[in-house]
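So the structure is just underneath, and the comments pick up after that.
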Amino acid sequence: MAAEFKGDVAAFNELVAKLPTAKTKAEFEARQALFDTFDPNGNGFLSLAEVDRGLAVLGFHELFDAKPVIMRGFQAAKAVHSTHGRQSKNDDYVERIEFRLL
């Protein structure tokens, strides 16, 4: 990555712009491919370790080095279903539908 994340807003915004989070068809497809990359065993769920490894493999070193941020994002993403009255199949993992929120 060109910019090194140093905690400033501009660097953070540049990093976020590289992630497929929009609700467009193209970014949905990019997100699906990214999820598959993060899910090496193909079970449809991501553990915190798989998310961590996926960030490192893809070269998102700025995020990989920010463990507290990864943990908060992981916890928030997997909590979405329980806050909307739906129980996840496994509350220890992030499902494909929750991946965009990570």
Side-chain angles (χ1 to χ4, degrees):
M1 297 199 159
E4 185 174 319
F5 181 70
K6 296 179 182 159
D8 64 60
V9 174
F12 178 76
N13 288 338
E14 182 180 335
L15 180 62
V16 169
K18 296 177 182 180
L19 300 172
T21 59
K23 292 184 177 183
T24 65
K25 181 173 175 60
E27 292 215 1
F28 172 80
E29 291 170 357
R31 215 169 24 257
Q32 297 303 307
L34 190 60
F35 185 94
D36 291 340
T37 300
F38 278 47
D39 186 22
N41 61 4
N43 67 354
F45 298 98
L46 297 179
S47 68
L48 181 57
E50 289 172 326
V51 170
D52 198 44
R53 181 182 172 279
L55 291 170
V57 167
L58 292 175
F60 288 107
H61 301 291
E62 298 90 342
L63 287 177
F64 181 76
D65 293 337
K67 302 295 185 195
V69 175
I70 296 168
M71 292 221 27
R72 284 187 193 128
F74 186 83
Q75 296 298 325
K78 69 182 189 140
V80 168
H81 281 135
S82 62
T83 60
H84 286 92
R86 179 186 176 272
Q87 285 297 321
S88 175
K89 291 181 181 174
N90 193 327
D91 289 335
D92 294 330
Y93 299 91
V94 169
E95 296 179 43
R96 192 175 290 270
I97 195 168
E98 299 162 330
F99 186 62
R100 184 180 69 84
L101 305 173
L102 243 172

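Each residue takes its place number in the sequence, starting with 1.
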Residues pairing under salt bridge (Lys or Arg N to Asp or Glu O under 4.0 Å) where one sits in residues 30-48, two or more places apart or in two chains, turn out to be Asp36-Arg96
Those residues at least two apart in sequence (or on a different chain) that pass salt bridge (Lys or Arg N to Asp or Glu O under 4.0 Å) with Arg72 are none
CZ (Phe28) and NZ (Lys23) are apart, to the nearest 0.5 Å, by 12.0 Å
Side chain to side chain contact (heavy atoms under 4.5 Å, CB included) filter on Ala33, not counting sequence neighbours, yields none
Smallest heavy-atom separation, Glu50 atom then Asn41 atom, equals OE2-OD1, 3.4 Å
Sorted by chain and residue number, the side chain to side chain contact (heavy atoms under 4.5 Å, CB included) partners of Thr37 (sequence neighbours excluded) come out as Leu58
When every non-hydrogen atom of Asp92 is compared with those of Lys78, the smallest separation belongs to CA-NZ, 3.8 Å
Next item on the list: Report yes if some heavy atom in the side chain of Leu48 is under 4.5 Å from a heavy atom in the side chain of Gln75; otherwise report no.
Entry: no
| Out of curiosity, does Leu55 fall in the hydrophobic cluster containing Met71 (side-chain heavy atoms, cut-off under 4.5 Å, transitive links)? | yes
Hits for ring-ring contact (aromatic ring centres under 6.0 Å, His included) against Phe99, two or more places apart or cross-chain, chain-then-number order -> Phe35, Phe38
Across all chains, not counting sequence neighbours, the salt bridge (Lys or Arg N to Asp or Glu O under 4.0 Å) partners of Lys25 are Glu29
Asn43 meets the side-chain hydrogen bond (donor to acceptor under 3.5 Å, both in side chains) criterion, sequence neighbours left out, with none
* Asked: Just wondering, do Glu98 and Leu46 contact through their side chains at under 4.5 Å, heavy atoms?
  -> no
Residues passing the side-chain hydrogen bond (donor to acceptor under 3.5 Å, both in side chains) test with Glu27, sequence neighbours excluded, are none
Tightest non-hydrogen contact, residues Arg100 and Thr21, listed as CD-O, 3.2 Å
